[in-house]
Amino acid sequence: MRWYVSIGVVLLAGVLAGDVPGFAAPNRAAHQPGAESRQLADKDGNPTVDVELVLAVDVSYSMDMDELALQREGYAQAIVSKEFLQALKSGPNGRIAITYFEWAASTDQKIIIPWRLIDGPETADAVANEIVKTPIRRASRTSISGAINFALPLFDESPHRGLRRVIDISGDGPNNNGMPVTLARDAAVEKGIIINGLPIMVKEPSYSTMDIDNLDYYYEDCVIGGPGAFVVTIKDRDKFKEAIRTKLLLEVAGRTPERPVVPAAGKEPRVNCMIGEKIWQDRWGR
């Protein structure tokens, strides 16, 4: 079952109670003979973490520079917040593994933070500092499916074994490049990976940026997946950072929102999951 939450609904008490320049390809060494057994040995030799969390962050041109800065600051501030650190310690192991990459087109992904262990204030500060010191960039096209496909082998490369594996995708538009997003989502879910979403809806939909109405429905019906998957929607620029913190608290604490709004399995999605591709085709004819 998948779930939805609006920002401000979940506070700490609720969480604890209950293309391309910059392209960063996955580590090809993972596919060399013997690499898989070595990686498994490494995982077994390292402490178990509560979650292996992949933060996949949209940097397409539809995101303005202010949004990109707020997004970066939001993640950095959330990771060092006292609420986050308390949620971290509420887990059975008291630590998580995290990696952070930016994405745009299906062949444009750049790892900003390789896998890092966060187990307290010092390691959280180190990750936050790495996030904010990296120059902000923008790139063309929007491939959520490309982001998901890029994230999958990252779990194989993680030096830690997580009780949960989560891909956290933020973005302000539908998939318009690469394979259909539902195919990528389903492949991830089949591997036991959960996909959560952070649809960014702070601007009025615009033809020039290929935004759509009801992006939150699109994320709920076409992007997220896996047991307890959820969406946190940002509709107010002033709530940007709060939304990111809310989402991370839920993911770290292994909690889900209480209010289900996603249609039952087997029903038709409320939006066309190929809407982004259709808009691009209508506009550019390719």
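Residues take their numbers from the sequence shown, with the count starting at 1.
Side-chain contact between Ile148 and Ile169 is present, with at least one heavy-atom pair separated by less than 4.5 Å. Side chains of Ile167 and Ile194 form no contact here, defined as non-hydrogen atoms less than 4.5 Å apart. Side-chain contact check for Ile279 versus Ile275: some heavy-atom pair is nearer than 4.5 Å.
A distance-only check finds no donor-acceptor pair linking the side chain of Arg137 to the backbone of Val59 [under 3.5 Å]. Side-chain atoms of Ser158 never come within 3.5 Å of backbone atoms of Leu154 as a donor-acceptor pair (strictly under, hydrogens ignored). Side-chain atoms of Glu67 come within 3.5 Å of backbone N or O of Asp64 as a donor-acceptor pair. No donor-acceptor distance shorter than 3.5 angstrom exists from the side chain of Asn93 to the backbone of Arg95, with no hydrogens or angles considered. A distance-only check finds a donor-acceptor pair linking the side chain of Ser145 to the backbone of Met179 [under 3.5 Å]. Under a 3.5 Å cut-off, the side chain of Asn175 and the backbone N or O of Asn177 do form a donor-acceptor pair. Between the Ser106 side chain and the Ser143 main chain, no donor and acceptor come within less than 3.5 Å of each other. The backbone N or O of Pro135 lies less than 3.5 Å from a partner atom in the side chain of Arg72, making a donor-acceptor pair. No donor-acceptor pair closer than 3.5 Å links the side chain of Arg138 to the backbone N or O of Met65. Not a single donor-acceptor pair under 3.5 Å links the side chain of Arg165 to the backbone N or O of Glu52.
Judged by distance alone, the side chains of Arg270 and Asn214 never bring a donor and an acceptor atom under 3.5 Å apart. No side-chain donor from either of Asp168 and Asn196 sits under 3.5 Å from a side-chain acceptor of the other. Looking only at atom types and distance, the side chain of Tyr75 has a donor-acceptor partner in the side chain of Lys247 under 3.5 Å away.
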request  = Could you go through the salt bridge (Lys or Arg N to Asp or Glu O under 4.0 Å) check for Arg245 and Glu242 one step at a time?
outcome  = CA-CA 5 Å; Arg245 186 175 70 250; Glu242 179 185 342; 5.3 Å; no

query = Where do Asn129 and Lys133 land on the side-chain contact (heavy atoms from CB on, under 4.5 Å) test, with the steps shown first?
reply = CA-CA 6 Å; Asn129 288 335; Lys133 76 179 183 182; 5.7 Å; no

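With sequence neighbours excluded, the residues satisfying side-chain contact (heavy atoms from CB on, under 4.5 Å) with Met274 are Pro180, Asn272, Glu277. Remark: Lys191 pairs with no residue by the salt bridge (charged side-chain N to carboxylate O under 4.0 Å, His left out) rule, at least two apart or across chains. With sequence neighbours excluded, no residue satisfies salt bridge (charged side-chain N to carboxylate O under 4.0 Å, His left out) with Asp58. Residues forming a salt bridge (charged side-chain N to carboxylate O under 4.0 Å, His left out) with Asp186 (at least two apart in sequence, or on another chain): none. Under the rule for a ring-ring contact (aromatic ring centres under 6.0 Å, His included), Tyr217 has no partner lying at least two apart in sequence or in another chain.
Remark: Glu251 does not engage Arg164 in a salt bridge, criterion side-chain N to carboxylate O under 4.0 Å.
Note on Val132 and Ile244: separate hydrophobic clusters, where clusters join Ile, Leu, Val, Met, Phe, Trp and Tyr whose side-chain heavy atoms are under 4.5 Å apart, directly or indirectly.
For residues 101-147, the ring pair (Phe, Tyr, Trp, His ring centres under 6.0 Å) pairs, not counting sequence neighbours, are Phe101-Phe150.
Considering OG of Ser90 and CG of Asp50, their distance stands at 7.5 Å, rounded to 0.5 Å.
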